[in-house]
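Here is the structure we will look at.
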2 protein chains.
Amino acid sequence: MTIADRRERDRQMRRDSIVEAAEKLFFSKGFAATTMDEIAEAAELSKGTIYLYYKNKEEIYVAIVHRGMQILIDLFRKAIASASTGMGKVKALGQAMFTFYERHPRHFTAVFYHHESPSVGPLDVDINDPVVKELVRDGDELYAFSADAIQGGIGDGTIRPGVDPIKTTYVLSSMILGLIRTVAVEEQFLRQKFNLTVKDLLQEAFDLIEHSLTAHR
Amino acid sequence: MTIADRRERDRQMRRDSIVEAAEKLFFSKGFAATTMDEIAEAAELSKGTIYLYYKNKEEIYVAIVHRGMQILIDLFRKAIASASTGMGKVKALGQAMFTFYERHPRHFTAVFYHHESPSVGPLDVDINDPVVKELVRDGDELYAFSADAIQGGIGDGTIRPGVDPIKTTYVLSSMILGLIRTVAVEEQFLRQKFNLTVKDLLQEAFDLIEHSLTAHR
DNA sequence: TCATTAATTGACTGCGAGTCATTAATTATG
DNA sequence: CATAATTAATGACTCGCAGTCAATTAATGA
């Protein structure tokens with residue numbers, strides 16, 4: 001028992017040290033430009049060994065997406081805990097998304113672009129891979145955080161009763177995400193050409209959103 | 001004169017027929033899975049010849065992005081012409097974006113994901129390539145359509161005076177784009193799990209946006 | 001101690017992007 | 001019209017890398 005257990009623990013540590021090594025390389029020189037030999041060398045393993053732990057290069061990438069997802073979920077948990085009203089939680093979640101981008105830009109990219117990267121045409125991922133399954137569950141969890149916050153906001157009166165929590169979750173998250181993506185691509189351009197900062201844009205968007213969720217008149 | 005002219009025309013036709021062939025292949029089996037030999041065969045040329053017209057595989061991809069951009073610009077022109085008020089034009093532009101996604105989903109993806117695809121880490125394009133330069137100009141033109149429409153709306157009273165045309169253009173376009181991207185990825189999931197259609201979500205978003213741009217009370 | 005099983009290795013294969021010396025087609029020149 | 005000069009096209013080749021597998025080494029059990 002203990003023996004098989006330790007094996008399993010060792011195996012997990014190896015997997016971790018491989019992603020660790022790969023992550024540094026992918027993030028500094030890109031997925032395509034990183035070779036399996038480089039990953040092997042950085043992980044102090046031979047190339048063959050890497051393949052005992054991951055089916056191929058893409059599967060390592062998926063593991064990195066998964067790590068990013070954990071970071072984001074953690075930020076979301078803290079966001080939810082940081083506010084007491086429904087509306088407050090919704091705003092904190094939006095803020096958390098932006099924090100994720102600011103503090104972990106490469107993970108942000110990995111998480112939100114993996115449907116198209118790395119090799120144009122969706123990453124063809126093995127739906128039976130447990131990591132992939134967990135990724136899907138994690139995605140659901142993310143949406144649930146928001147839907148619950150909206151629902152709570154309707155209960156505590158900080159969000160107007162008419163809004164549909166699910167629909168609104170999708171609309172809001174997509175919008176915030178879209179905004180951050182644009183900013184990610186055009187940040188310096190916006191600053192130079194229009195003297196617009198990221199905060200300006202986000203403030204504008206948050207105002208618009210808050211405005212649309214509260215009752216007026 | 002006529003002689004060099006014809007050479008130039010021929011050259012352009014060749015380039016076109018190469019993208020044409022590549023586009024079909026990329027769109028059906030993906031960028032990574034398509035080989036230069038296949039492109040050559042489909043274009044009825046030898047591989048070496050392809051390289052006389054395009055520096056490499058990515059440059060062909062950029063040409064496809066460019067084509068997509070032309071389609072979108074065209075849709076935007078028609079959208080602007082289709083409405084008379086500023087607010088009407090803004091809505092028509094949002095609608096045009098969605099039409100682009102619906103009618104040309106692969107071009108949509110090419111245009112809006114090329115910053116990350118094809119090989120994780122931005123496509124490293126040659127900034128001196130005339131096609132790339134035009135792409136940048138085209139991007140500016142797209143934003144100008146929207147900024148002008150908002151400006152016009154303020155003039156004709158269909159949009160409230162407080163809004164900043166540039167800022168709003170960025171916020172709105174990013175939001176709409178984000179929404180369509182989400183829908184692109186999760187369309188069948190949304191329908192199955194929540195019985196939500198794309199139109200529902202877009203309607204919700206459009207309402208929200210319209211609401212935020214008009215004067216109330 | 002030695003047999004069995006598990007983990008690791010790196011030389012090897014196959015494939016595909018990009019090159020380049022050679023050949024073919026066009027155009028200019030006498 | 002002949003042939004020189006220029007331009008276009010070819011495909012066999014190189015080179016690098018993802019992924020494999022027979023051979024080796026380490027760990028565990030009898």
Side-chain angles (χ1 to χ4, degrees), chain A residues 1-19 21-22 25-26 28-64 117-121 123-126 129, chain B residues 1-19 21-22 25-26 28-64 117-121 123-126 129:
Chain A
M1 179 100 358
T2 314
I3 156 77
D5 274 5
R6 202 214 51 219
R7 278 250 170 78
E8 183 49 35
R9 258 202 335 274
D10 283 5
R11 191 177 159 74
Q12 197 49 54
M13 305 210 88
R14 270 286 150 89
R15 280 178 66 93
D16 284 353
S17 74
I18 292 168
V19 226
L25 288 163
F26 288 166
S28 77
K29 43 193 296 192
F31 178 83
T34 303
T35 71
M36 290 301 266
D37 282 297
E38 288 171 328
I39 296 174
E41 191 181 340
E44 296 172 307
L45 251 31
S46 77
K47 177 152 68 155
T49 305
I50 305 282
Y51 284 93
L52 296 175
Y53 292 90
Y54 290 96
K55 205 166 84 261
N56 53 37
K57 205 175 161 187
E58 293 209 340
E59 201 174 286
I60 301 181
Y61 190 78
V62 170
I64 293 173
S117 313
S119 343
V120 173
L123 215 170
D124 76 22
V125 100
D126 178 5
D129 180 339
Chain B
M1 178 99 355
T2 316
I3 157 79
D5 274 4
R6 201 215 52 220
R7 278 250 169 79
E8 184 50 33
R9 259 202 333 275
D10 282 4
R11 191 175 159 75
Q12 197 50 52
M13 306 209 88
R14 270 287 149 89
R15 280 179 64 94
D16 285 353
S17 75
I18 292 169
V19 229
L25 289 163
F26 288 165
S28 77
K29 45 194 291 193
F31 178 83
T34 303
T35 72
M36 289 301 264
D37 282 297
E38 287 171 328
I39 297 174
E41 190 180 341
E44 295 172 308
L45 251 29
S46 76
K47 176 152 70 155
T49 305
I50 305 282
Y51 284 92
L52 295 175
Y53 291 90
Y54 290 95
K55 205 164 85 264
N56 53 36
K57 205 175 161 188
E58 294 209 340
E59 201 174 287
I60 301 181
Y61 191 76
V62 170
I64 292 173
S117 310
S119 344
V120 171
L123 213 172
D124 74 19
V125 294
D126 178 5
D129 179 338

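Numbered from 1 within each chain, the chains take letters A, B, ... in sequence-line order. Heavy atoms only: backbone and side chains are in, while hydrogens, waters and symmetry mates are out.
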Check the pair A:D10, A:R14 against salt bridge (charged side-chain N to carboxylate O under 4.0 Å, His left out), reporting the backbone distance first and the verdict last. CA-CA 6 Å; A:D10 283 5; A:R14 270 286 150 89; over 6 Å; no
For A:Y51 and C:dG10, what is the distance between atoms OH and P respectively, to the nearest whole Å? 16 Å
If you compare every side-chain N and O of B:R14 against the phosphate oxygens of D:dA8 (OP1, OP2), does one of them come in below 4.0 Å? no
Round to the nearest Å and state the distance from A:I60 atom CD1 to D:dA18 atom C1'. 11 Å
Determine whether a donor-acceptor pair (N or O, by modelled atom type, separation under 3.5 Å) exists between the side chain of B:Y53 and the backbone of B:D16. no
Rounded distance (Å) that lies between atom C1' of D:dC17 and atom NZ of A:K29: 12 Å
Counting only heavy atoms not in B:Q12, do more than 12 fall under 6.0 Å of its CD? yes
Heavy atoms under 4.0 Å, any strand shown: does B:R11 hit a base, just sugar-phosphate, or nothing? nothing
The reported gap from CE in A:M36 to CD1 in A:I50 (rounded to nearest 0.5 angstrom) is 6.0 Å
Taking it one step at a time, do B:K29 and B:L25 satisfy side chain to side chain contact (heavy atoms under 4.5 Å, CB included)? CA-CA 6 Å; B:K29 45 194 291 193; B:L25 289 163; 4.3 Å; yes
Contact list please: residues 37-49 of chain B against DNA chain C, heavy atoms, distance less than 4.0 Å, in numerical order. B:K47
Base, sugar-phosphate, or nothing: which does B:Y54 touch, judged by heavy atoms less than 4.0 Å apart? nothing
B:I50 CD1 to D:dA9 P: how many Å, rounded? 11 Å
Atom CZ in B:R15, atom CG in B:L52: separation rounded to 0.5 Å? 11.5 Å
From the options D:dA9, C:dA17, C:dG18, select the nucleotide whose nearest atom is closest to the side chain of B:Y53. D:dA9
Mind calculating the distance between CZ (A:R7) and P (D:dG29) to the nearest angstrom? 8 Å
For D:dA27, take OP1 and OP2 only and decide whether either is under 4.0 Å from a side-chain N or O of A:R6. no
Starting at atom CE of B:M36, determine the distance to atom P of D:dT10, rounded to an integer number of angstrom. 14 Å
Does B:Y61 offer a backbone N or O that forms a donor-acceptor pair with the side chain of B:Y54 under 3.5 Å? no
Side chain of B:K57 only, heavy atoms from C-beta on: which candidate in D:dG19, D:dC17, C:dA17 is closest? C:dA17
Rounding to an integer number of Å, can you tell me how far B:Y61 OH sits from C:dA17 P? 16 Å
Specify the separation, in whole Å, of atom CG of B:L52 and atom P of C:dG18. 14 Å
